[in-house]
Amino acid sequence: MGKTEDKESRRERALRFLRLESRGKIQRAILGIIIGVIGYILLYQLTLPSYKLLSMITIQFNLAILVIPVIGVFFGPLAGLLVGIIGATGGDALFTQQIIAFGLINLSYGLLGFIAGIPHYKGFSSGRTLAKVILFTIGGLLVMAAIYLVALIEVAGQNMLVTLLYNFLPFINVSFITLFLMTPTAVRLIDALTSYARKRIS
Amino acid sequence: MANRFATLISRNKLFACFLIATIVVATSTFVLTPAQNPNPQLPTIAVPGKGNFNLNAYPVLDRRVIGLVNLFRDYYHVTDLSNASVNDLSMLPPFFTQYFLAFTTYGMAMIADSTPSYRTNYYQDIFIKLIAMMNSSAMEQHEWITPDFTNASYAELGNGFRGPTNIMWTGHYTLMELLYYSLFRDSRYNGEILSYINQWNSSLTSNTTWNGNSSGGLGEWGTGLIPCEPFIVFVQCNSIPFYTMRLYDNLYGTDYQQASLPGIAWWQANTMDAKGIPVDGYYVAQPLPEHEGEGYLLQTYPGVALTQGLDEPKVSAYGSAWAIMFYDAMGYTTLADTLYANWKDAFVHYSTDDTAYVVESYHFPSSFGVDDYVANVFAYFCSREMGDTTLNSKLQNWFYSPFEGKWVGNEYEFDTSALGNLSSFVFPVVNFAWAWNHANATLSNLMTPRSDSFFTEPYISNQSTTDGLFVYQATYDQARGAFILAVETAHSVVLTFDNFPGVQGVYGVNGAYTNWTQNGIQMLLTLSPGTYSFVIV
């Protein structure tokens, strides 16, 4: 009896962690995944203006990557994970026909969304909550960056210097600028807009 | 109201900070992105009695390509053609120097071919300077004397910088001269061109080899190919004289290309590696001591060159990319397509979803040095020649990611200064490679030379200034009897058109343009600062 209860509570805990504890939450997560994948793919080809601060340091926003942690924050880690993997794979399939390192890089995109979605955020008007968003998003970025490096150097067999200079630095600096500055901004704005819309409807 | 705003901010301090930072950074990307001076919009122009001319249907040069030509004109002091000037190679890449001069000329030929009826000293001087630098004593010192290729043991075999064992130099030099003739019909180099082609023809059709054996129809070196250095033959190096012979045949109706056929069959039968790519070199005699040096296994000869440290044939991404694009341009499209597919499988690394790079040797996929860098330049050219826009775009994304393209006056350049000492090699290569890749013509186009009658058609023979002048389109439409011109000028300029008697009118989008005069067979068109699109009939 005790074991069964333990099993059930573990299952419930896991579902709660993934934000899938009720039919409504599951539907919400599916909606989040659909919105996220469509958003990621629509923004994939959008190139915003950029300039080089130094040769390898580019100042630019990448809106596609922003979608991943934002979905994770609002819809939970599973939604973030799937948006990252499906969005990155879909973007590659549609626009570049190239999957690198057996899809490990796309998995790393998923982990960004997964880690950003781990905490149960409450009240995005609180600076403490936004700080938590930043903390977990940058944590996700660090995991993503580590997998990205390992995938290119160890799995794809690229030269380390080439990978660092030509791939990793440009990728990490654009991603960091985008995620650090825009994730809390986007999350707060979306939260304010949805609250406003909810009030208007009710 | 002010209080409400203050309360709102105080309740959202962190959000406000990040929002402001986002706005500042986003604004900076818009403000600090270098201005790119877009290409002019090409209109449709109505000409009385001749109908509408859609200028988009005619070849056009990208403004940045002309900006890069302006950069190179200054960089090489093109207006100074003195002997001292042509012997100063200090601004050239310190290695692969002869290739850089040669391939710059080939790229310039594609660029000049994109505005075929603009034939002034603006382009011609660049060719003359590049050819003179290639023929300079400084180049001979750099490429032949310093590496000690004048070793006495090879002297009796016809060794020499301009001799039959140096197709690396004679091939490129002759093609540079022949392209100049083909584009401008200036015959100043014709004597040299024919003497080198005859030298190759003689060596390729000799009945005996250099050591007195029967050649078996494979010429002096027993391979149907000509060595670059004592005594190794390369497929890519021989693609240059073979292309030259075909272009010469197309210009003069000769049949020198026959001499190349045994060699082309020979290398396909004898130099392909396990991945279906021609190996990088085949020794026809004992290698020079430096090729048998430390780190190399014992080289057998005749036989394929070995990879340093391995009992494997030497392969080269840059050499094979070079060969593939020239064989494609020569019309061996099936062969080129097969080799290109093998080459991509062997050398291309897909770095991320939208970038790719190549490694010089698939035996060392994780190494990266100068040879690998050069391999990426040739891969960039080859993918363009092969019409592989997907790979070409990925290679460009990778190759140019560290460099920002920007305008400095009338010149466009990719800033490579952050690379410090490496910049002396990277700057000319990176800048020129972009211009080559964005010309309107290809090596295949250049293989079909302009007819003699083309040179009796109207063309721009002079401009009062090249400063701030951008000629985007200059093409004579023979079928409709109209000159298509798109031009931008920063100063007042007079363009001289030759072979253009009896001009009836100059028409732009706003109707007839009247600031021109007729002077015999010449027409002088005066332009104030501005951008113009004209149809001249």
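Nothing here was measured: the structure is a model prediction, and the numbers come from that model. Below, read A as the first sequence line, B as the second, and so on, with proteins coming before strands; counting in each chain starts at 1.
In terms of modelled atom types and a separation under 3.5 Å, the side chain of N70(B) and the main chain of N410(B) share a donor-acceptor contact.
Only the side chain of I177(A) comes within less than 4.5 Å of a heavy atom of chain B; its backbone N, CA, C and O stay farther away. K406(B) does not touch chain A: none of its heavy atoms, backbone or side chain, sits under 4.5 Å away. Neither the backbone nor the side chain of F414(B) has a heavy atom closer than 4.5 Å to any heavy atom of chain A. Of the two parts of Q60(A), only the backbone, made up of N, CA, C and O, holds a non-hydrogen atom closer than 4.5 Å to a non-hydrogen atom of chain B. For chain A, the nearby part of F399(B) is the backbone; its heavy atoms alone come within less than 4.5 Å. With a 4.5 angstrom heavy-atom cutoff, L152(A) touches chain B only via side-chain atoms. If you measure heavy-atom distances from F168(A) to chain B, you find no contacts under 4.5 Å at all.
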Query raised in the report: Taking it one step at a time, do F124(A) and S195(A) satisfy side chain to side chain contact (heavy atoms under 4.5 Å, CB included)?
Result: CA-CA 11 Å; F124(A) 290 109; S195(A) 302; over 6 Å; no
Requested in this report: List the steps, then state whether side-chain hydrogen bond (donor to acceptor under 3.5 Å, both in side chains) holds for D328(B) with T333(B).
Outcome: CA-CA 5 Å; D328(B) 184 68; T333(B) 49; 5.4 Å; no
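Ring centroids of F30(B) and Y51(A) are separated by 6.0 Å or more, keeping the two rings apart.
The closest side-chain donor-acceptor pair between S316(B) and E360(B) falls under 3.5 angstrom.
Contacts from residues 17-28 of chain B to chain A, taken as heavy-atom pairs separated by less than 4.5 Å, involve F18(B), L19(B), A21(B), T22(B), V25(B), A26(B), S28(B) in sequence order. The contact list for residues 126-135 of chain A toward chain B, using heavy atoms and a distance under 4.5 Å, reads G127(A), L130(A), A131(A), I134(A) by residue number. Contacts with chain A (heavy atom to heavy atom, under 4.5 Å) involve no residue of residues 426-436 of chain B.
Taking every heavy atom of both residues into account, P365(B) and V359(B) meet most closely at O-CG1, 3.4 Å. Here the closest heavy-atom approach between residue I118(A) and residue P77(A) is recorded as N-CB, 4.3 Å. Closest non-hydrogen pair, A16(B) versus I9(B), comes out as CB-CD1, 4.3 Å.
Summarising the local packing, CD of Q41(B) is surrounded by 12 or fewer heavy atoms from other residues, nucleotides or ligands at distances under 6.0 Å. Annotation for F95(A): atom CZ counts as buried by contact number, over 12 foreign heavy atoms lying within 6.0 Å.
Classified by interplanar angle (parallel below 30°, tilted 30° to 60°, perpendicular above 60°), the ring pair F425(B)/F96(B) is tilted.
For the ring pair (Phe, Tyr, Trp, His ring centres under 6.0 Å) condition, the pairs that include at least one residue of residues 126-150 of chain A, sequence neighbours left out, are Y148(A)-F171(A).
Atom CD1 of I26(A) is separated from atom CD of E21(A) by 9.0 Å, given to the nearest 0.5 angstrom.
For the pair K275(B) and D345(B), the salt-bridge criterion is not met [side-chain N within less than 4.0 Å of a carboxylate O]. The existence of a salt bridge linking K314(B) and D273(B) is excluded, since no basic side-chain nitrogen approaches an acidic carboxylate oxygen closer than 4.0 Å.
Counting heavy-atom pairs under 4.5 Å between each of T178(A), V162(A), I59(A) and chain B puts V162(A) at the top. For the set L32(B), D372(B), D354(B), the entry with the most heavy-atom pairs within less than 4.5 Å of chain A is L32(B).
Test F381(B), F103(B), W343(B) against W322(B) for ring pair (Phe, Tyr, Trp, His ring centres under 6.0 Å) and you get one pass: F103(B).
In this structure, R63(B) satisfies the cation-pi test against W407(B), with its NZ or CZ atom closer than 6.0 Å to the six-membered ring centre and inside 45 degrees of the ring normal.
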